[in-house]
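The structure appears right after this line, and notes come after that.
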Amino acid sequence: MNVMTEAPTDPAQDAGGSARRRPLHLESILVPLDLSETSRAALRYAVPLALQFGARLTLLYVSEPPTPAGSTPSAHPHGQAALTRLAELYDEEVAPEIKAETMVRHGCIYDQILSAAREVQAGLIVTTTHGRTGLRHLLMGSTAECIVHGAPCAVLVVRESAENPETP
């Protein structure tokens with residue numbers, strides 16, 4: 001996986017007219033996970049980036065508020081079960097030399113992701129999208145879209161069908 005290691009050209013020019021470049025510093029990467037195989041793809045993108053930049057990873061799971069009466073409740077784990085699953089994902093996917101932490105929050109998913117990004121001073125959020133369109137998108141909304149619009153940092157959105165970043 002090739003990653004640009006310099007920030008985009010600074011609009012300010014030096015005295016000779018050439019553009020200055022600033023090194024890209026990436027110290028903290030937030031990876032929101034819903035514990036599905038789809039969200040695991042985000043982790044597979046975040047790990048090589050964390051290794052390349054020496055960044056700290058934060059694996060975040062947000063449990064949704066209870067569903068209204070009569071609707072199907074979420075099948076995702078809560079509390080300690082989510083922490084246990086995040087620890088398993090860490091053991092399976094994250095290189096031992098990467099500094100990482102896990103976090104479980106409760107509430108509106110994108111609000112909690114944005115709050116966590118500010119809290120850990122993330123330089124990048126790596127998230128996935130199911131790529132829903134049309135009526136399904138209108139009815140379900142897009143968490144990834146809300147993250148992109150509200151993020152205090154850069155966002156890398158990995159589509160559900162994305163290839164493994166380490167595959168040639």
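Side-chain atoms are counted along with the backbone in the values below, which use heavy atoms only and exclude waters and symmetry mates.
When side chains are defined from C-beta on, Arg56 counts as touching Val120, because their heavy atoms get closer than 4.5 Å. Residues Leu33 and Leu89 meet the side-chain proximity criterion, which asks for heavy atoms closer than 4.5 Å. Annotation: side chain of Gln121 is not in contact with side chain of Ser28 (no heavy-atom distance under 4.5 Å). Proximity of Leu35 to Leu86: side-chain heavy atoms (C-beta onward) are separated by under 4.5 Å at one or more points. Counting heavy atoms from C-beta outward, Thr143 and Thr127 have side chains that stay 4.5 Å or more apart. A 4.5 Å side-chain heavy-atom check between Pro32 and Val62 finds every atom pair outside the cut-off.
Heavy-atom minimum distance, Ala95 versus Val47: N-CG1, 4.3 Å. The two residues Ala42 and Val31 have their closest heavy-atom pair at CB-CG1, 4.0 Å. Taking all atoms of both residues into account, the shortest heavy-atom contact from Arg118 to Gly150 is NH1-O, 4.5 Å. Here the closest non-hydrogen pair linking Ala41 and Thr128 is CB-CG2, 4.2 Å. Contact record, Ile98 with Tyr90: O-OH, 3.6 Å, taken as the closest heavy-atom pair. Nearest approach of Leu156 to Leu124, heavy atoms of both residues: N-CD1, 3.9 Å.
Note that the CG atom of Leu114 and the CD1 atom of Ile125 stand 6.0 Å from one another [nearest 0.5 Å]. Going from atom CE of Met103 over to atom CZ of Arg105 covers 5.0 Å, rounded to the nearest 0.5 Å. Annotation: the span from Gln112 atom CD to Leu60 atom CG amounts to 8.0 Å, rounded to 0.5 Å. In this structure, OG1 in Thr102 is found 11.5 Å from CG in Leu57, a value given to the nearest 0.5 Å. Of the inter-residue distances, the one linking Ile113 atom CD1 with Tyr61 atom OH reads 11.5 Å to the nearest 0.5 angstrom.
Of the possible polar contacts, none joining the Ser115 side chain to the Asp111 backbone as a donor-acceptor pair under 3.5 Å is found. The backbone N or O of Asp34 lies less than 3.5 Å from a partner atom in the side chain of Ser39, making a donor-acceptor pair.
Atom CD of Glu101 has more than 12 neighbouring heavy atoms from other residues, nucleotides or ligands inside a 6.0 Å radius.
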